[in-house]
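Below you'll find the structure, written out as structure tokens, and then a few comments.
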Amino acid sequence: MWDLIAQNGAVLLDGLAVTLAISGAALLVGCPLGVFLARATLSGRPIAVATSGLYRSFWRGTPILVQLLIVFYLPAALGLTLVPTIAAIIGLSLNTAAFQSEIYRAGLVAVPAGQSEAARMLGLSRRAILLRIELPQAVRLMLPALVGEALTLIKNSSLVSVIAVTEITWRAQQIASATFRPLETYAIALIAYLAIAALLAGAGLLLERRLASAGRS
Amino acid sequence: MSRMSQASPVPAIRIRGLMKRFGDRTVLDGIDLDVRDGDVLCIIGPSGSGKSTLLRCVAFLDAYDEGEVNILGRLIGWRETPMGREPAGEAELAAVRAPLGMVFQHFHLWPHLPVLANVTLALRLARGLSKQGAEETGLAMLGRVGLTSHAGHFPDQLSGGQKQRVAIARALAVRPKVMLFDEPTSALDPELVGEVLSVMKALAADGMTMVIVTHEMGFAAHAANRTVFMDRGRIVEAGTPQDLFRAPQSERLRQFLETWRERAL
């Protein structure tokens, strides 16, 4: 196993970097989109509610592997060429937005109406109320679920190997078929995923503790 | 324009034929009321009489169904068009609402921000003041409610009375023309009511126009120049506190005052 790491470690690390970059990008793009969808659902306007509901049903109700293939092949069918990495980021973003929107919706609902009423009476715009009053309070409630979604996203990103994005699972596949040592190769990839997950969960806990103490001390 | 509004006595708040329903329940059933500059008007009445809803409709936190609420001569919340009424846009609503400040029963301070930031946030975001300018104003407002020393505290660290005083400072910071108080002392422990009422008395003495929904009959009797008694979504009696408390005309008000006097003993 050590010789395998010695020979291919750099390639795998490179793949890990791609994994993190794609997942991070999707998480960030999915965030405003998720907030937007949550706001649409909470707006009470029939068209907005229905559209946002349909969006969620689609992206939560179909397999992400198939979603990624569609996002990759659909533009090609329309005569557009998408770089696999971009297709991967788009696919993962659209998918995580659906899941994140439910987290934001639950978080925003949990902030009492009086919080925004006080802000409206003082002339704050809707945008300012969302960004400065509602989301900061909702974040404390949403953080555990958001960390969970980030972990899911990183794991889901292994699926973009099917559209030849050179992330860690794809690299592992290449190494496995070149060295005929699939078990060890995939075990190394697994440990890399686990390490990232542990780091992320730890960071989440730390942040949660900091947010809990802010506003009290 | 400004000369015209000075010449014609436009009431601070003018309410005509106000109707509000929740489902098939009529909560406000044709309210007519004027609030003039310098008025300190207390609205009293039993629970469920529509007092708080009236205040919320004036501020358009609840949309009223029929009638008019004019703030300094401008209709709040709705825009009249040849096709009928449609909801006013966000900016228009904010502009018409701007002269109103509101203090809530449950304070609604923002728990994630320190006291000073609670007071300065709107100055910075809605009024565009610099950080320094906003903090100067914020500290001055906290001074008016006697809480300058608590500027760095978070809301959780304050007593109910202190929270309400901060909420008053926050509302005053943006220089409203009229202050609306929705049962400002009802959520407070009895020993904390006095500090909030004395801040409100000082405000009234400064000439602030105030509309106060309250169960504090003593305050209504002594600090107000006008009192309105509401029951079942209507104004049953209106007049000076002396009129209402000493010579109630209606059976409903007599009963209401009787119950209150029994409880006070």
Side-chain angles (χ1 to χ4, degrees), chain A residues 31 35-36 38-40 42-49 103-104 106-146 204 206-217, chain B residues 55-56 58-62 77 87 89-91 93-115 117-128 152-157 163 166-176 178-180 182 187:
Chain A
C31 171
V35 172
F36 177 76
R39 297 274 286 177
L42 293 174
S43 72
R45 284 182 219 134
I47 294 172
V49 174
I103 298 173
Y104 298 131
L108 289 174
V109 164
V111 177
Q115 290 289 307
S116 66
E117 285 179 358
R120 269 191 278 161
M121 287 307 299
L122 291 162
L124 267 66
S125 66
R126 255 183 244 168
R127 190 185 139 82
I129 292 171
L130 179 68
L131 295 179
R132 305 299 286 268
I133 305 295
E134 293 178 321
L135 282 177
Q137 295 185 59
V139 158
R140 296 180 193 192
L141 308 166
M142 301 182 311
L143 197 61
L146 281 176
L206 265 177
L207 193 58
E208 211 175 313
R209 235 175 269 163
R210 275 201 55 186
L211 286 178
S213 62
R216 275 177 197 283
S217 76
Chain B
L55 216 57
R56 292 177 58 82
V58 166
F60 212 75
L61 290 174
D62 286 334
E90 189 193 351
L93 175 56
V96 178
R97 189 189 263 153
L100 303 176
M102 186 139 178
V103 172
F104 300 86
Q105 180 178 0
H106 295 288
F107 330 125
H108 300 329
L109 294 183
W110 302 311
H112 60 298
L113 298 176
V115 162
N118 262 275
V119 180
T120 57
L121 189 71
L123 290 173
R124 308 238 14 228
L125 297 184
R127 301 292 153 105
H153 289 48
F154 278 92
D156 302 23
Q157 298 168 301
K163 281 182 198 169
V166 172
I168 292 171
R170 178 176 68 174
L172 288 176
V174 294
R175 307 206 176 284
V178 184
M179 286 282 284
L180 310 174
D182 186 7

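Order of the sequence lines fixes the chain letters, A, B, ..., with proteins taken first and strands second; residue numbering starts at 1 for each chain.
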Practice problem: Show your working on side-chain contact (heavy atoms from CB on, under 4.5 Å) between B:Arg97 and A:Arg120 and close with a plain yes or no. | Solution: CA-CA 9 Å; B:Arg97 189 189 263 153; A:Arg120 269 191 278 161; 3.8 Å; yes
Practice problem: Test A:Ile133 against B:Leu121 for side-chain contact (heavy atoms from CB on, under 4.5 Å), laying out the working first. | Solution: CA-CA 10 Å; A:Ile133 305 295; B:Leu121 189 71; 3.6 Å; yes
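How far CZ of B:Arg124 is from CG of A:Leu124: 12.0 Å, rounded to the nearest 0.5 Å. Distance CG/B:Leu113 to CD/A:Gln137: 8.0 Å, rounded to 0.5 Å. For the atom pair CH2 (B:Trp110) and CD (A:Gln115), the distance works out to 8.0 Å, reported to the nearest 0.5 Å. The CZ atom of B:Arg56 sits 10.0 Å away from atom CE of A:Met121, with the distance rounded to the nearest 0.5 Å. To the nearest 0.5 Å, the span separating CG on B:Leu125 from CZ on A:Arg127 amounts to 10.5 Å.
In this structure, chain A has a heavy atom under 4.5 Å from the backbone of B:Leu109, while its side chain stays farther away. Interface remark: A:Ala119 contributes backbone and side-chain atoms alike to the contact with chain B (heavy atom separation under 4.5 Å). In this structure, chain A has heavy atoms under 4.5 Å from both the backbone and the side chain of B:Leu100. In this structure, the portions of B:Ala59 lying under 4.5 Å from any heavy atom of chain A include both its backbone and its side chain.
Minimum heavy-atom separation, B:His112 to A:Pro136: CD2-CB, 3.5 Å. The shortest heavy-atom contact between A:Gly123 and B:Ala126 is O-CB, 3.5 Å. Between A:Ala118 and B:Arg170, the closest heavy-atom pair is CB-NH2, 3.3 Å.
One N or O on the side chain of B:Glu90 and one on the backbone of A:Arg126 form a donor-acceptor pair closer than 3.5 Å.
By the 6.0 Å contact criterion, CZ on A:Arg132 is open, its count of non-hydrogen atoms from other residues, nucleotides or ligands being 12 or less.
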